[in-house]
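Here the structure is laid out as structure tokens; the discussion comes afterwards.
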Amino acid sequence: MNPKSPLFLRLSDRLDVYIRLMRADKPIGTLLLLWPTYWALWLASDGIPDWTVLAAFTIGTFLMRSAGCVINDFADRDFDGAVERTKNRPFAQGRVGKKEALLLTAFLCLLAALCLIPLNYLTWLMSLPALFLALTYPFTKRFFPIPQFYLGLAFSFGIPMAFAAVVGNVPFEAWILFAANVLWTLAYDTVYAMADKEDDLKIGIKTSAVTFGRYDIAAAMLCHGGFTLLMVALGIEIEATWAYWAAVPVTVWLQSLQYRAIKNRNRQVCFQTFLANNRIGQVWFLAIFAHTFLMAHQ
């Protein structure tokens, strides 16, 4: 196809819009979803996840995160232009229509549903509330004072689904991990919301940073602390090896760095601090990976 032809330019433009709507050019959201899912998969499978299950969850997570981003921009289409960080998104620039975005969301959800084919019935069943949470989260910012908590539920559903897919049930340890991840999500997304706090106050969007007010930093760090304590509880529950426990001081150190970084509430620093949570997810994956390896070779 001629790269200068009208058809090629049209397709290229649509591809650019869809990539930006899906945040495919910004993988941090997918990573923050994948780490907890991988924690669960490695724990549930004793360190040896079936490759088809691993592939299904990896691809499905990317697709559902993408669908969530598209529906988020659809829900915020009348607000993004007034927010500094989001003013260049496709809806804010008038580059995409409502029907087109909804069709893209439906297509991504359909592809994600295909990832469920090799999985068991319980996993299919649990995908329904996961889908509901993912698609309704953006609208909670209109009325729910702490929508980041709702996001935490959506971002954590991969955990019980992973256990269901591997062992056919959802044991107690899965729910400890679920609760821990809800608090972690609430922590890092509150910091994320701090970057937009001034704009959100002007346009009337509800976020945890707005609701917590001057206690936003304290609330974020309290959630970080709760996350770490629940990971300790999980370690006790699974009789963790030293490799697992090594992640605790590293996590506390990374959390202390975040606290020092956000004390001045600088927008850009808050956003960079949000991105830094990828390291916490990676640390815990390495710890769980090493723990399951040691357990398998005892």
Exercise for review: With the side chain counted from C-beta on, respond yes when V248 and W284 share a heavy-atom pair under 4.5 Å apart, and no when they do not.
Suggested key: yes

Review point. Between R65 and F62, is NZ or CZ placed under 6.0 angstrom from the six-membered ring centre and within 45° of the ring axis?
Key: no

Review point. If you look at every heavy atom in T30 and T61, which pair is closest and at what distance?
Key: O-CG2, 4.2 Å

Check your understanding: V250, L275: one ILVMFWY side-chain cluster at the under-4.5 Å cut-off?
Key -> yes

Point to revise | Gap between atom CD of Q255 and atom CD1 of I280 - 0.5 Å precision | key: 5.0 Å

Practice item. Side-chain contact test, heavy atoms from C-beta onward, threshold under 4.5 Å: evaluate it for I28 versus N278 and give yes or no. Key: yes

Exercise for review: For the residue pair R267 and Q272, confirm or rule out a side-chain donor-acceptor distance under 3.5 Å.
Suggested key: no

Practice item. Indicate, with yes or no, if F271 and M194 share a hydrophobic cluster defined by side-chain heavy-atom contacts under 4.5 Å among Ile, Leu, Val, Met, Phe, Trp and Tyr. Key: no

Exercise for review: Would you give the length of the straight line joining atom CG of L63 to atom CZ of F107, rounded to the nearest 0.5 angstrom?
Suggested key: 9.0 Å

Practice item. Measure the OG1-CD1 distance between T52 and I117 for me, rounded to the nearest 0.5 Å. Key: 12.5 Å

Practice item. Answer whether the closest heavy-atom distance between the side chains of I205 and R142 falls below 4.5 Å. Key: yes

Practice item. Would you check if there is a donor-acceptor pair between the side chains of Y192 and T273 at a distance under 3.5 Å? Key: no

Check your understanding: Hey, quick one: are L108 and I19 part of the same hydrophobic cluster, counting side-chain heavy atoms closer than 4.5 Å, chains of contacts allowed?
Key -> no

Check your understanding: Closest approach of V96 and A101, non-hydrogen atoms and distance?
Key -> CG2-N, 4.4 Å

Review point. Which pair of non-hydrogen atoms, one from G281 and one from W39, has the smallest distance, and what is that distance?
Key: O-NE1, 3.2 Å

Check your understanding: So if you build clusters from Ile, Leu, Val, Met, Phe, Trp, Tyr with side-chain heavy-atom gaps below 4.5 Å, do L110 and L21 land together?
Key -> no

Review point. Is V170 close to F178 at the side-chain level, that is, under 4.5 Å between some pair of heavy atoms?
Key: no

Revision key, fill the gap. Heavy-atom closest pair (P36 atom, L32 atom, distance to 0.1 Å) is CD-O, 3.1 Å

Practice item. Determine, step by step, whether H224 and V252 satisfy the side chain to side chain contact (heavy atoms under 4.5 Å, CB included) criterion, reporting the C-alpha distance in whole Å, the side-chain angles of both residues, the deciding distance to 0.1 Å, and the verdict. Key: CA-CA 9 Å; H224 266 308; V252 172; over 6 Å; no

Review point. Is any side-chain N of the basic residue among K197 and D216 closer than 4.0 Å to the acidic one's carboxylate O?
Key: yes

Review point. If you round to the nearest 0.5 Å, how far is CG of N72 from CZ of F91?
Key: 10.5 Å

Check your understanding: Closest approach of P138 and A134, non-hydrogen atoms and distance?
Key -> CD-O, 3.8 Å

Point to revise | C223 and T190, any side-chain heavy atoms less than 4.5 Å apart | key: no

Exercise for review: Give a yes or no on whether L34 and L153 share a hydrophobic cluster (residues Ile, Leu, Val, Met, Phe, Trp, Tyr; joining criterion: side-chain heavy atoms under 4.5 Å apart).
Suggested key: yes

Point to revise | Backbone N/O of P49 and side chain of W42: donor-acceptor pair under 3.5 Å | key: no

Check your understanding: Taking atom OG1 of T292 and atom NE2 of H297, what is their separation to the nearest 0.5 Å?
Key -> 10.0 Å

Taking distance alone, no hydrogens or angles, what donor-acceptor pairs closer than 3.5 Å link side-chain atoms of residues 180-189 to residues at least two apart or in another chain?
unit_1 : atom_1 : unit_2 : atom_2 : d
N181   : ND2    : F155   : O      : 3.3
N181   : ND2    : S156   : OG     : 2.9
W184   : NE1    : N277   : OD1    : 3.2
T185   : OG1    : N181   : O      : 2.8
D189   : OD2    : Q148   : NE2    : 3.3

Point to revise | Side-chain heavy atoms of P160 within contact of W175, under 4.5 Å | key: yes

Review point. Could D16 and R95 be called an ion pair, given the rule that one side-chain N must be under 4.0 Å from one carboxylate O?
Key: yes

Point to revise | Lys/Arg N to Asp/Glu carboxylate O, D76 vs K141, below 4.0 Å | key: yes

Practice item. Count the heavy atoms of every other residue, nucleotide or ligand shown that sit under 6.0 Å from CZ of R279, and state whether that count exceeds 12. Key: no

**Study point:** Main-chain N/O of N266 paired with N264 side-chain donor or acceptor, under 3.5 Å
**Key:** no

Point to revise | Expected output: side-chain S127 to main-chain W124 donor-acceptor under 3.5 Å | key: yes

Exercise for review: Any chance you could lay out the side chain to side chain contact (heavy atoms under 4.5 Å, CB included) test for W35 and Q282, step after step, and finish with the verdict?
Suggested key: CA-CA 7 Å; W35 290 129; Q282 187 177 38; 3.8 Å; yes

Practice item. Find out whether C69 and M22 are in side-chain contact, i.e. whether some heavy atom of one side chain is under 4.5 Å from a heavy atom of the other. Key: no

Check your understanding: How far does CZ of F132 sit from CZ of F157, to the nearest 0.5 angstrom?
Key -> 11.0 Å

Point to revise | Heavy atoms from other residues, nucleotides or ligands near CD1 of I48 exceed 12 (cutoff 6.0 Å) | key: no

**Study point:** side chain to side chain contact (heavy atoms under 4.5 Å, CB included) partners for A40, two or more places apart
**Key:** I159, A162, F163, L177

Review point. Which atom pair, heavy atoms only, marks the closest approach of M126 to A164?
Key: SD-CB, 4.0 Å

Point to revise | Parallel, tilted or perpendicular, as decided by the 30° and 60° cut-offs, for the rings of F285 and Y38 | key: tilted

Check your understanding: Is there a side-chain contact between I71 and Y137 (heavy atoms, below 4.5 Å)?
Key -> no

Less than 3.5 Å apart, which donor and acceptor atoms pair up between the side chains of residues 229-244 and the rest of the protein, not counting sequence neighbours?
unit_1 : atom_1 : unit_2 : atom_2 : d
T241   : OG1    : H291   : ND1    : 3.2
Y244   : OH     : M231   : O      : 2.5

Practice item. Apply side chain to side chain contact (heavy atoms under 4.5 Å, CB included) to the pair R23 and S66, showing each step before the final yes or no. Key: CA-CA 7 Å; R23 309 286 196 280; S66 298; over 6 Å; no

Review point. So, does T211 use its side chain to make a donor-acceptor pair with the main chain of S208 at under 3.5 Å?
Key: no

Check your understanding: Hey, mind stepping through T207 and F212 against side chain to side chain contact (heavy atoms under 4.5 Å, CB included) and telling me if it holds?
Key -> CA-CA 9 Å; T207 72; F212 293 140; over 6 Å; no

Check your understanding: Heavy-atom count around F139 CZ within 6.0 Å, excluding the residue itself: above 12?
Key -> yes

